[in-house]
Structures are given as C-alpha cells and as structure tokens.
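Accompanying notes for the structure given below.
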Amino acid sequence: MIRSLFIFVAVFISFCSCGLYNLGYVEAAAGLLLQPYVDMMNNKLYTLDILHVTEMNGQKYTLHNVYVVSGDRVYEKNITTLNNTEMAHEILYIGDRRYDLSGYSRMEKGKRKFHGNQVGYIKGMYFSFAQSNIYYLLGGLFQENKLAYCKVYSGSGQEDIRGKILQYEDYVPENDMGNQKSRYYFDQGQLVACVVLQNFQYEGKKLSNRDVITFKQFVPAVDESLLTIPEGVKQIEQESVVMDEIQAGMEGSISYD
C-alpha cells in the first residue's frame, strides 16, 4: 500500500512538473455545465464536500474531504476510515494563519468545543489547492483566467448510469498531456460526480488509475461558525519546525494576540 501511494505521488509530481514546464500559461476553457461551478470557485464562496475513491491496480483507497471557503478564510476537513473507525483532521486558514483545530477542539452536535481557552497558529501558511491531488484530478474546476496546468473541455453527451440518464462533459489536459481523461456528470444541471482515468508508465511498467469523485455538496454558501475563532479563545502564534524544507509541526509559543 505504501509503495503504491509512493508511485502515485511520484507520477503526480513528475506529470505536474512536465505540464508546468511545457505548457506555460494558457487560456482555460470550461463547458456550459461546469462553468457555474468554475465561477463559484473563482468567487471563493462555497462549500465543497467530496468523497474520493481511487482504484489503483486492484487496490482501493477512500478519502472524504470538506472545504468551506469564504475569501481568504478556509476550513478544511480530511476524513479517513480505518478498521471501521473514522478519524478527522480539521484545519482552519485565516489569511496567512494556519490553525490545526484537531489538537485544540472537537465537534459535538454540530458545535465546536475547545479543550481549553487557547488555540495555536502558524504564520505564513496560506491555503492552496495547487499542491493537492484534488487540484490534479479536478483540473476542470480550476479554470482561472490563466493557469499553468488546467484541463479543457473536449465534448459532451448523455450516459445511462444505473438506469438514470445523466449529462456529461469530457475534459483533457491542455495539449493532451499526461494521457488522462475526465468526465464530469450532471443530474439536471447539478454536478454529481467526476470519473478520472489515467494510464502511465513507471519503471517500465504500465499502470492505470480510476478515480471516482462524488460531490456530496457543492453550493455557494458557508457556515460562518466553521470559519472563525470564538471570542474568548486566546490565539497563540507558534514556531513551525522545518524538516528537509517541509513544515512539520510546531514548537513553543512566541507571541500572543
């Protein structure tokens, strides 16, 4: 499992590097059905709740991600399930401040309960999709005016999915880089799923991935309570520990708000 994930990351990084180098900055293009969702992301006011299942050479991996975005405030929740136990990691970004909420609070009946009266943050940690596999897989959604890596609209149609006719739009990487195809599915104009097919070679072996991303919620509305630190909770700036040029944790308190 670890080796498979390593292979995926290695191929992802090499593909993105190749794309950035060869493509330069290109004009992006989205289809009529996906364009409202592209606009929603560019307006930076939305709630995105997705379930992501990867089939990699016979093995399955499941991830559940939630993003609540309002300008430069972003709530991110990553949920993993292991041995029927669900574990959630919650992060809040406010400007360049990154709060690891998991270490300071928990959710009870939809409300956040802090363990104490303080929360730590690291400065200089802006939120970005750009380094995530979500950005790589859902490139059609990230159609800003100019973008170094994007997927462009290539056609549309209808498909019978389990007895229900859904509309779809197909996307391919700009200049057809990477041998990857994406199909976004819509139910009466509502984005419901995306299927990404990839074929590539690694160390002389032919590999293939199939990613199915289900959109549980994607709306232009946010829960403000997820994007704020409650009054009375002291905010403590903490120093990040840098290991091999990667921000990995924190140590010590260096100032107070």
Side-chain angles (χ1 to χ4, degrees), residues 4-5 7-8 11-12 15-16 19 23 26-43 46-67 69 78-81 129 132-144 147 149-202 206-221:
S4 296
L5 289 174
I7 292 173
F8 176 78
V11 172
F12 164 59
F15 175 80
C16 288
L23 300 184
V26 299
E27 290 293 335
L32 291 176
L33 292 173
L34 192 63
Q35 188 61 53
Y37 293 94
V38 174
D39 294 339
M40 194 188 310
M41 296 201 81
N42 288 340
N43 291 335
Y46 59 87
T47 296
L48 173 60
D49 186 342
I50 56 178
L51 186 65
H52 173 202
V53 178
T54 296
E55 296 178 11
M56 183 186 298
N57 297 319
Q59 293 183 296
K60 276 191 177 183
Y61 309 91
T62 301
L63 299 172
H64 184 184
N65 304 98
V66 178
Y67 303 95
V69 179
N78 303 306
I79 305 166
T80 58
T81 303
F129 275 112
S132 70
N133 68 329
I134 294 300
Y135 180 89
Y136 172 60
L137 294 170
L138 296 180
L141 279 172
F142 296 91
Q143 305 289 353
E144 299 175 352
L147 199 61
Y149 171 74
C150 65
K151 295 180 186 176
V152 296
Y153 172 74
S154 64
S156 63
Q158 294 183 336
E159 187 175 339
D160 187 331
I161 304 294
R162 296 173 184 171
K164 190 169 189 177
I165 301 299
L166 298 181
Q167 294 175 290
Y168 68 77
E169 290 184 345
D170 286 336
Y171 288 79
V172 295
E174 183 71 14
N175 296 337
D176 203 24
M177 293 284 294
N179 194 20
Q180 182 193 82
K181 296 181 180 180
S182 302
R183 177 166 289 184
Y184 288 83
Y185 288 93
F186 301 84
D187 185 358
Q188 298 182 349
Q190 181 179 347
L191 178 60
V192 292
C194 178
V195 177
V196 183
L197 303 177
Q198 305 165 79
N199 295 291
F200 49 86
Q201 287 192 342
Y202 182 75
K206 292 184 178 181
L207 303 175
S208 63
N209 289 347
R210 182 175 185 268
D211 294 89
V212 179
I213 298 171
T214 303
F215 293 84
K216 298 167 67 67
Q217 186 180 29
F218 196 0
V219 295

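Position 1 is the first residue of the sequence, and the numbers go up from there.
- Taking Lys164 as the reference, Asp187 meet the side chain to side chain donor-acceptor pair (under 3.5 Å) condition, with sequence neighbours excluded.
- In plain terms, the two heavy atoms of Cys194 and Val196 that are nearest each other are SG-CG2, 3.9 Å.
- Here CD1 of Ile79 is found 8.0 Å from CG of Asn65. Values are rounded to the nearest 0.5 Å.
- Every side-chain contact (heavy atoms from CB on, under 4.5 Å) that Gln158 has, sequence neighbours left out, goes to Ile165, Gln167.
- Here CE of Met41 is found 8.0 Å from CG of Leu138. Values are rounded to the nearest 0.5 Å.
- Taking Asn43 as the reference, nothing meets the side chain to side chain donor-acceptor pair (under 3.5 Å) condition, with sequence neighbours excluded.
- When all heavy atoms of Ala30 and Gln35 are compared, the pair lying nearest together is CB-OE1, 3.3 Å.
- Taking 4.5 Å as the limit, some side-chain heavy atom of Ile134 sits within range of a side-chain heavy atom of Tyr67.
- There is no side-chain donor-acceptor pair under 3.5 Å between His64 and Thr62.
- Remark: Tyr185 engages no residue in a ring-ring contact (aromatic ring centres under 6.0 Å, His included) (not counting sequence neighbours).
- The structure places OG1 of Thr54 at 6.5 Å from CG of Leu137, a figure rounded to the nearest 0.5 Å.
- Counting heavy atoms of neighbouring residues, nucleotides and ligands inside a 6.0 Å radius, atom CD of Gln190 does not exceed 12 of them.
- You'll find the side chain of Leu34 reaches within 4.5 Å of the side chain of Tyr171, heavy atoms only.
- Applying the side chain to side chain donor-acceptor pair (under 3.5 Å) test to Ser156 and every residue at least two apart in sequence or in another chain returns Tyr153.
- Residues that satisfy the ring-ring contact (aromatic ring centres under 6.0 Å, His included) test with Tyr46, not counting sequence neighbours, are Phe218.
- In this structure, CG on Leu166 lies 10.5 Å from CZ on Phe186, to the nearest 0.5 angstrom.
- In terms of modelled atom types and a separation under 3.5 Å, the side chain of Thr47 and the main chain of Ala221 share a donor-acceptor contact.
- When ring centroids are compared, Tyr37 and Phe215 stay outside the 6.0 Å threshold.
- Under the 3.5 Å distance criterion, with hydrogens and angles disregarded, a donor-acceptor pair is assigned to the side chains of Asp211 and Gln198.
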